[in-house]
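Comments concern the structure below.
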Amino acid sequence: MALIVQKYGGTSMGSVERIQHVAAKVAGFIARGDQVVVVVSAMSGETDRLTKMAREINPRGSKREYDQILATGEQVTISLLALALETQGVKARSYTGWQVPIHTDAAHQKARIQKIDPERLMADCRLGIVPVVAGFQGLTGEGSVTTLGRGGSDTTGVALAAALKADECQIYTDVDGVYTTDPRVEPKARRLDRITFEEMLELASLGSKVLQIRSVEFAGKYKVPLRVLSTFKDGPGTLITLEEHHVEDPLISGIAFNRDEAQLTVTGVPDRPGIAAAILGPVGEANVEVDMIVQNVAADGTTDFTFTVHKNDYDRGLELMQGIAAELGAKGVRGATDIAKVSVVGVGMRSHAGIASQMFKALAAAGINIRMISTSEIKISVVIEEMYLELAVRTLHKAFGLDIATV
Ligand code: ADP
Ligand code: ASP
Ligand code: MG
């Protein structure tokens, strides 16, 4: 008998039939003697629909009110699943985030879980009742509803598993595990039996939305055994492990990509100390996050300063840079939103040289131009033109020997 937290995502909760399927699955675990706490997402598309409505009414409305409406999606699916479990002869009780309660800070739309009181859920489990908890939401000290950022139900699942000291946190979704890259882009992607927390964290941070970044951080910090599995197909899924890789494991574990960034360049900046601070200071003050940065001095003694921001912050960034360019006596400002970032990730990189040149050669052979490069110990990222994204992913997937063997 095990205590398992199971999180079911939006596609898994996407229709009455699918909710009934999830109920049957949970009932199977209960029949086996396990204790199960379920966390659910809203029906797929619902959070987008709610956001769109709120934006139509007030695009700059208060984040507190956005959270109040966004959290309703999960309130529907908890009760539907509890009702479906009842029809399977399983006792169930639904909980919103604030009924658990799940306490968060007050950073609306990206709140962090601070404390979970697991007592009510434990009491249910002891009585053979399945608690069905709304993902993605919590409560501030002042009693306002918060949400945890898109994809946040993963984090609710992992945080509950930590609070309950569960034997495993299972993330059920529409793919049967973590793949070498998004199988929607590369059908030859392979499911990984296991992946280290460190690599999973990089992949999630670099754009693989199969797990929310914070859920991986949380699982690593509290050592929660975490597994990604399919709701619709039986199988072992992918285990996210603390273990390092074995010698025979591939150098590269996966390829991530991100279409959400935009590029800004201030050209012809007179080169003198303090340029980076003068440019990036106001960006930080405007709460705009910067990702990659490149600065290079030309022969005429001026500097081109390039950085990337989230596409949502592009207009704001461009406006800021136009002001700064004038102040600094720079030549001008250029920007691009048709860019994408592609990254190769693997702990094997630590002990092997030459991965970067292998990556650049493969991209060059495919005729793909690299605009920016950044590296860390276990990843190499490049910014390219967005139209070449899928080609780049497939090219690198093949170049690093990740393609599934065809029979
Ligand atoms: P859920 O609604 O269950 O939370 P998500 O859409 O958030 O599901 O995450 C699952 C999706 O993540 C898959 O359908 C897949 O397209 C995408 N994905 C991106 N990168 C990967 C990867 N490396 N492995 C598996 N799935 C990935
Ligand atoms: N429903 C929320 C979203 O779509 C949370 C989640 O599904 O994890 O982002
Ligand atoms: Mg998700």
Side-chain angles (χ1 to χ4, degrees), residues 6-15 18 22 39-52 66-67 69-78 97 109-111 133-138 146-160 169-195 199-216 227-233 235 237-238 240 252-260 342-346 389-390 393 396-397 402 404:
Q6 299 186 334
K7 178 257 169 177
Y8 291 92
T11 317
S12 314
M13 300 301 289
S15 65
R18 286 184 178 176
V22 167
V39 173
V40 296
S41 288
M43 288 180 156
S44 56
E46 181 63 4
T47 311
D48 287 338
R49 190 182 73 86
L50 295 168
T51 309
K52 189 165 167 274
Y66 268 70
D67 275 355
I69 176 169
L70 290 190
T72 61
E74 272 74 7
Q75 199 166 334
V76 171
T77 43
I78 48 171
Q109 296 201 295
K110 51 175 181 200
V133 180
F136 179 54
Q137 55 180 253
T146 52
T147 62
L148 310 180
R150 298 306 304 269
S153 300
D154 295 337
T155 303
T156 307
V158 174
L160 272 178
C169 179
Q170 301 176 339
I171 306 284
Y172 285 94
T173 182
D174 55 4
V175 268
D176 62 346
V178 177
Y179 276 64
T180 46
T181 194
D182 190 341
R184 285 178 212 241
V185 166
E186 175 48 281
K188 292 190 197 120
R190 266 188 297 123
R191 182 182 60 79
L192 299 162
D193 285 327
R194 61 199 161 78
I195 184 166
E199 288 170 317
M200 194 61 238
L201 194 58
E202 283 284 5
L203 286 177
S205 312
L206 294 166
S208 300
K209 290 177 182 144
V210 60
L211 285 175
Q212 199 202 28
I213 306 169
R214 281 189 187 164
S215 71
V216 187
R227 196 182 286 275
V228 176
L229 310 113
S230 164
T231 304
F232 309 104
K233 184 176 152 196
T238 300
I240 326 290
I252 299 301
S253 293
I255 296 169
F257 53 85
N258 183 346
R259 294 184 171 94
D260 297 338
V342 184
S343 312
V344 298
V345 173
L389 175 64
E390 303 203 345
V393 170
L396 295 172
H397 199 266
L402 298 175
I404 197 163

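Just follow the structure's listing: the first ligand is 1, and inside any ligand the first atom is 1. These numbers come from a predicted model, not from an experiment. Computation of the quantities below employed the complete heavy-atom set of this structure, encompassing side-chain atoms and omitting hydrogens, waters and symmetry-equivalent molecules.
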Checking Q109 side chain against D67 main chain: does a donor-acceptor pair fall under 3.5 Å?
no
Separation of L192 CG from M200 CE (nearest 0.5 Å)
9.0 Å
Residue and atom name of the nearest protein heavy atom (relative to atom 7 (O) of ligand 2), distance in Å to one decimal:
S41 OG, 3.0 Å
Of the protein's non-hydrogen atoms, which lies at the shortest distance from atom 2 (O) of ligand 1, and what is that distance?
G10 N, 3.1 Å
CD of Q170 to OH of Y8: how many Å apart, nearest 0.5 Å?
7.0 Å
Within-cut-off N or O pair, D154 and ligand 2, under 3.5 Å
no
Going by an N to O cut-off under 4.0 Å, is there a salt bridge joining D174 and R184?
yes
If we number the atoms of ligand 1 from 1 as shown, the ones under 4.0 Å from a heavy atom of R184 are 13 (C), 14 (O), 15 (C), 16 (O)
Of all the heavy atoms in E46, does at least one lie under 4.0 Å from an atom in ligand 2?
no
Any donor-acceptor pair under 3.5 Å linking the side chain of R190 with the backbone of L402?
yes
Which is closest to atom 24 (N) of ligand 1 in terms of heavy atoms, Y172, Y179, Y8?
Y179
Please determine which of T156, T155, D154 meets the side chain to side chain donor-acceptor pair (under 3.5 Å) test together with Q212.
T155
Suppose we measure from atom 27 (C) of ligand 1 to each protein heavy atom; which comes out shortest, and what is that distance?
V210 CB, 3.6 Å
Counting only heavy atoms, which portion of T181 has something under 4.0 Å from ligand 1: side chain, backbone, both, or neither?
backbone
Considering the heavy atoms of T173, write down every atom of ligand 1 situated less than 4.0 Å from one of them.
1 (P), 3 (O), 8 (O), 9 (O), 10 (C)
To the nearest 0.1 Å, how far is atom 7 (O) of ligand 1 from its closest protein heavy atom, and which atom is that?
K209 O, 3.5 Å
Can you tell me how far the CD1 atom of I213 sits from the OG atom of S208, to the nearest 0.5 Å?
10.0 Å
Tell me which one of G177, S208, S215 gets a heavy atom nearest to atom 25 (C) of ligand 1.
G177
For G9, state whether at least one heavy atom is located under 4.0 Å from any atom of ligand 2.
no
At their closest point, which heavy atom of A134 faces which heavy atom of E74, and how far apart are they?
CB-CB, 3.7 Å
Which atoms of ligand 1 sit under 4.0 Å from any heavy atom of D174?
10 (C), 11 (C), 13 (C), 14 (O)
Taking all non-hydrogen atoms of both residues into account, name the closest pair between Y172 and S12 and its distance.
O-OG, 3.8 Å
Tell me whether atom 12 (O) of ligand 1 lies less than 4.0 Å from at least one protein heavy-atom position.
yes
Quick test: of every protein heavy atom, which one is nearest to atom 15 (C) of ligand 1, and how far off is it to 0.1 Å?
D182 OD1, 3.4 Å
Which residue owns the protein heavy atom closest to atom 3 (C) of ligand 2, what's the atom, and how far is it?
R150 NE, 3.3 Å
Using distance alone, with no hydrogens and no angle criterion, decide if E199 and S253 have a side-chain donor and acceptor under 3.5 Å apart.
yes
Donor-acceptor under 3.5 Å (T181 side chain, I255 main chain)
yes
Less than 4.0 Å is my threshold; does some heavy atom of K7 fall inside it relative to ligand 1?
yes
Short N or O distance, V178 and ligand 1, threshold 3.5 Å exclusive
no
Let me confirm one number: the OG1-CD distance from T77 to Q75, rounded to the nearest 0.5 Å.
9.5 Å
For G10, is at least one N or O under 3.5 Å away from an N or O on ligand 2?
no
